[in-house]
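As the structure is a prediction and not an experimental result, all values here were calculated from the model.
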Number of protein chains: 2
Amino acid sequence: MVKTKDKIILAAEKLFSEHGFEQTSLRQITSEADVNLASVNYHFGSKKSLIQAVMSRYQSVFMPALDEQLSRLAEHETYSTTDVLACITAPLIALRQVRIDGPVIYLRLLGFAYSEIQGHLRKFTMTHFGHVVQRFFEMIQQANPHLSRKTLFWRLHFSLGAMLFAQVSGQALREIALADFGEETQAEETFLKLLPFVAAGIAADDPESQI
Amino acid sequence: MVKTKDKIILAAEKLFSEHGFEQTSLRQITSEADVNLASVNYHFGSKKSLIQAVMSRYQSVFMPALDEQLSRLAEHETYSTTDVLACITAPLIALRQVRIDGPVIYLRLLGFAYSEIQGHLRKFTMTHFGHVVQRFFEMIQQANPHLSRKTLFWRLHFSLGAMLFAQVSGQALREIALADFGEETQAEETFLKLLPFVAAGIAADDPESQI
DNA sequence: GTCTATAGTATGATAGAC
DNA sequence: GTCTATCATACTATAGAC
């Protein structure tokens, strides 16, 4: 028999990833989970804590896995932007262990975590996994020595934005794509399509440094 | 003397662009505008109508201007991805006529219009300016005949996501950048940094069609 | 651990006096 | 057109019985 606490987590993940954190009420969650309204506060203390519990379930799998991929790649003498970006793929797929549709759920959660002003989530991530984020940044830098740190900073966030947008608006976009091209696009296919786009964008010449 | 209706519009634009549509209450708006709470409903009928009025004020300047830029470029025999993208710049700057910080405001509003599930906004835009959007898409296609329509569809949305994210999270990101590099980044500089990134991403080889 | 009942707060919208 | 007062509704959170 599934415990109440787990039922809440599962329902919360689903609804948060579909509608965002703020737009999802505890009533929707407890209703979807088929548990009592008060049980959220009993098990998690507050909505904020529930949000962190949901995110942490994925972060704690994804981040160490990413760290390991980066370590492995770092042993090579040289690597390309694409190589570094490719380190994301396996850890993302590993999220299937957490939940069958874990990869998609996590990316969508990430999107909302940024676009809504969930300051506590960013802080939470950086205190726990800041070194992984840092390392990722430095390896991208290493692969693109011709770019200034500032340019790289912005391009990485452009890339993040591209990915998050594709995930958050993914459902609507896939429906439009289906209507326009009569061809279905899988949620994970979107991510694969993203990689060459992002890799080219990051590695592009910097007009500033050409002056 | 500034009319109540205008005071509401000005305050709403500011707050919507800072916190999003759903996160901004009518009470915040009327308080910022220093008018009575009931006046929003008197002048606009509903919050939804106010949102559309705010967006439309910018769209009605931006979209025709973009259309004209595209027309001008279309007279050339050939044009690059960058050429098409560059058509956005002048119309964006023209939004200064609407408001001194119009360009930034509009981009941020656009970001929230997408990331929040403002279905009515997307519908509103497409019925009024769908042909401009369509034209833009086709000219990007023209500049990249080596790419499938599907790939282009996704890359354009990746680009949109990159831009919207940079704007919506712009304030926070600029603060981080300032702390990291001790160098300020202007809001409009962000947009200029975006263009080469996006141009390279869009025009990149498509792994699928290389098979 | 689970429930009901409810406190306390915020929202969008409106009726009606002026 | 502008105001006050208020309705109806939604939310998070908690106290207290079982």
Discussion item. Less than 4.5 Å apart, side chain to side chain, heavy atoms only: is that true for B:F137 and B:V84?
Written reply: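 B:F137 vs B:V84: side chains apart.
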Q.
Just so I know, are the side chains of A:K150 and B:E183 near enough to count as touching, which here means a heavy-atom distance under 4.5 Å?
A. yes
Within residues 37-44 of chain A, those residues having any heavy atom closer than 4.0 Å to DNA chain D are A:L37, A:A38, A:N41
Contacts satisfying side chain to side chain donor-acceptor pair (under 3.5 Å) that involve residues 193-204 of chain A (not counting sequence neighbours) are A:K193-B:T151, A:K193-B:E208
Please write out each protein N/O paired with an N/O of nucleotides 8-11 of chain D under 3.5 Å, distance rounded to 0.1 Å.
| from | atom 1 | to | atom 2 | distance (Å) |
| --- | --- | --- | --- | --- |
| D:dC11 | OP1 | A:S25 | OG | 3.1 |

| message | Before we go on, tell me: are the rings of A:Y106 and A:F62 under 6.0 Å apart, centre to centre? | response | yes
Would A:Y114 and B:F165 count as a close aromatic pair, with their ring centres under 6.0 Å?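 Aromatic pair counts; centres sit under 6.0 Å.
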Go through it in stages, so that I can follow the logic: the residues are B:F16 and B:F112, the test is ring pair (Phe, Tyr, Trp, His ring centres under 6.0 Å), and I'd like the CA-CA distance, side-chain angles, deciding distance and then a yes or no. CA-CA 8 Å; B:F16 283 154; B:F112 285 116; 9.3 Å; no
Residue set satisfying side chain to side chain donor-acceptor pair (under 3.5 Å) with A:Q167, at least two apart, ordered chain then number -> none
Footprint ends on DNA chain C, 5' to 3', for atoms under 4.0 angstrom from a heavy atom of chain B, come out as C:dT11 to C:dT14
Exercise for the section: Name the residue closer to the 5' end of DNA chain D, choosing between A:G45 and B:V35 according to the nucleotide with the nearest heavy atom. Expected result: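 The residue whose closest nucleotide sits nearer the 5' end is B:V35.
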Q) Quick check: does any side chain N or O of B:R99 sit under 3.5 Å from a backbone N or O of B:L10, one acting as donor and the other as acceptor? A)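 Judged by distance alone, yes, a pair lies under 3.5 Å.
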**Prompt:** Sub-3.5 Å donor-acceptor pair from the side chain of A:S39 to the main-chain atoms of A:N36, do we have one?
**Reply:** yes
Quick note, salt bridge (charged side-chain N to carboxylate O under 4.0 Å, His left out) partners involving residues 31-47 of chain B, not counting sequence neighbours, are B:K14-B:E32
